[in-house]
Amino acid sequence: MPDKKHEKSKVRIDAHSGVPTTGHEWDGIEELNTPLPRWWVWTFWLTVLWAIAYTIVYPAWPTLSGGTHGLFGWNSRNQLTQEVTQLQVTRAPIFAKLKNASLEEIEANPDLLSAARMVGAAAFANNCAACHGAGGAGSKGYANLNDDDWIWGGHLNEIRATIEHGARWETDKATHSSSMPAFGRDGLLTPDQISILADHVRTFAELPDTVAPTAEGQKLYDDNCAACHGIEGKGNTELGAPNLTDAIWLYGSDKPTIISRIKNGGGGVMPAWSEKLDEITIKALSIYVHSLGGGQ
Amino acid sequence: MSQNVNHSPTGGLQKLMETNSILLVVAILILVSIGGVVEIVPLFYLKNTIEKVEGVRPYSPLELAGYNIYVREGCYTCHSQMIRPLRDEVERYGHYSLAAESMYDHPHQWGSKRNGPDLARVGGKYSNDWQRDHLRNPRAMVPTSIMPGYPFLTKTPLNAEHITEQMRTLRIVGVPYTDTQIENALIDIQAQGKLDHPGAPALSQRYPNAMINDVSGENGITEEDALIAYLQHLGVSVDFKLYDDKANIR
């Protein structure tokens, strides 16, 4: 048979190159049937073998009820568990100390302090920097953590409580929930009264271009604001009422901004991080924030 | 003509295929479909494809409208929603994503590129105000951000006229919306967009964990509100304190 086929086809040995043709011919142009290089053929078959072996060693083929598990039962979720366990073992000695020590003890111990600051810095960059800024300097409406003005308190345990439960975070029952009334929107004060009040509030911090304090302003302040911000405007961290007598203003100290704050009330919202972060991370974050410069 | 393919040394089958285009097309389709049969079909019948978890619910109508905006604006081209089971990702973003968490997304928003961070667990990570400020001008919040601003979302009132049809359509492909949910879709949108709306308790019952957004803008409920409602729901459904990791290892 091969002989006969060969006879019928135009396969022949090309005289010039010594290589057989494929037998295809188009208008006198023929095609050489040059064999593939031996190294290429070997590589090809090796990759085929590799692929088959790979699907045997690793989980690959679907079956009717699941899939093959591979020779060693490898899977990515198990590998992750192992890696995380390993990480926990590596961290265990220092983390155990961080867990058992109080925040004050951590601050007093240089080794623990540096560990907590490292853990805290990483967690801060991941979770807090988006609002409070990479260096904790905050921005309009987002508190600066470097200064010594604290809305909810700057002592270690106060910082920790704020991180754990957030501010005005609905799903956390222990969150800082007090909120400034919307004096304008809810009709508690008229626009004129708000304007007088704004002028009056600006006198506390002796801001530039303030008008002289008036009796009417004082009365409005005493009736509406003093309960939270204090008679002297020094604020109250229990209620998250900022100090109005210093140069630090969360939303700005110009009159239109203050009018807008009195009109709309409310306040910033901070997530309750105990929903997402573990105890040690929160302790480390408290230390880190406390050590940024303004800690009390 | 002297050309004669009969003489090809390979003969028979090859000649049949090369001279019969319909047969060739059919053969190509069969060959190409093998990939699909092996890689895609099993996912539909295997019971372990989607983990058994508590808490995953269909999107509330407002979240669904936000999802539509997320798709429309192409957020998936720069943000993934897929935390892979790798140590560094789990350390940064939280528990790796489960198939169950995106089982009601049609189409899913896993994405494949991270110009920005993964968003699979962004829900509850920032306040609504932050999301608002950030969408309007990302660099006001993150100075090094390369994300474009979406200030027009603030001004665009949400058009949700097709939301009930969309919910019905999603039901056809397996999202378990109930008749009550579909009937009340437009009310639920209002209820999720305002604090103290009378429909809020019913909304919370129909969609547990739905975050109610206080919309005080003069434009009513805007596209921005919808998008934020959607973002705030990402990755918060499953309580991983109760989730059994080992039962779902495979």
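Lettering of chains follows the sequences in order, A, B, ..., and the numbering in each one begins at 1.
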Aromatic plane relationship, A/His176 with A/Trp152 - under 30° parallel, 30 to 60° tilted, over 60° perpendicular: parallel
Please classify the contact of A/Gln79 with chain B as side chain, backbone, both or neither, using a heavy-atom distance under 4.5 Å. neither
Taking 4.0 angstrom as the limit, do A/Arg12 and A/Glu25 come out as a salt bridge? no
Which atoms of B/Leu43 are under 4.5 Å from chain A, going by heavy atoms: the side chain, the backbone, both sets, or neither? neither
Side chains of B/Gln109 and B/Tyr230: donor-acceptor distance under 3.5 Å anywhere? no
Return yes if a side-chain donor-acceptor contact under 3.5 Å exists between A/Asn78 and A/Thr81, otherwise no. no
Among B/Ser145, B/Pro42, B/Gly94, B/Gly124, the residue with the most heavy-atom pairs under 4.5 Å to chain A is B/Gly124
A/Leu277, A/Thr171, A/Leu64, A/Asn264: which one forms the most heavy-atom pairs within less than 4.5 Å of chain B? A/Leu64
Pairwise side-chain hydrogen bond (donor to acceptor under 3.5 Å, both in side chains) hits with a residue in residues 126-137 of chain A, at least two apart: A/Asn126-B/Lys125
Atom group of B/Leu46 that falls short of 4.5 Å from chain A, counting heavy atoms: side chain
Residues B/Asp118 and B/Ser80: side-chain donor-acceptor under 3.5 angstrom: yes
Quick one: closest heavy-atom pair of B/Gly149 and B/Arg139, and the distance? N-NH2, 4.4 Å
Applying a heavy-atom distance below 4.5 Å, give me the residues of residues 134-143 of chain A that approach chain B, sorted by number. A/Ser139, A/Tyr142
Is it true that atom NZ of A/Lys276 has more than 12 heavy atoms of other residues, nucleotides or ligands lying nearer than 6.0 Å? yes
For B/Tyr45, is it the side chain, the backbone, both, or neither that has a heavy atom closer than 4.5 Å to a heavy atom of chain A? side chain
Of A/Pro62, A/Ala129, A/Ala130, the largest count of non-hydrogen pairs under 4.5 angstrom with chain B goes to A/Ala130
Is the count of non-hydrogen atoms from other residues, nucleotides or ligands lying under 6.0 Å from B/Phe240 atom CZ greater than 12? yes
Is B/Val38 close to chain A through its backbone or its side chain, or both, or neither, when contacts mean heavy atoms under 4.5 Å? both
Using the six-membered ring wherever Trp is involved, compare the ring planes of A/His24 and A/Trp26 and label them parallel, tilted or perpendicular (cut-offs 30° and 60°). perpendicular
Portion of B/Asp133 that has a non-hydrogen atom of chain A nearer than 4.5 angstrom: side chain
Are any non-hydrogen side-chain atoms of A/Trp249 and A/Ile258 less than 4.5 angstrom apart? yes
Can you tell which part of B/Glu39 gets under 4.5 Å to a heavy atom of chain A, answering side chain, backbone, both or neither? neither
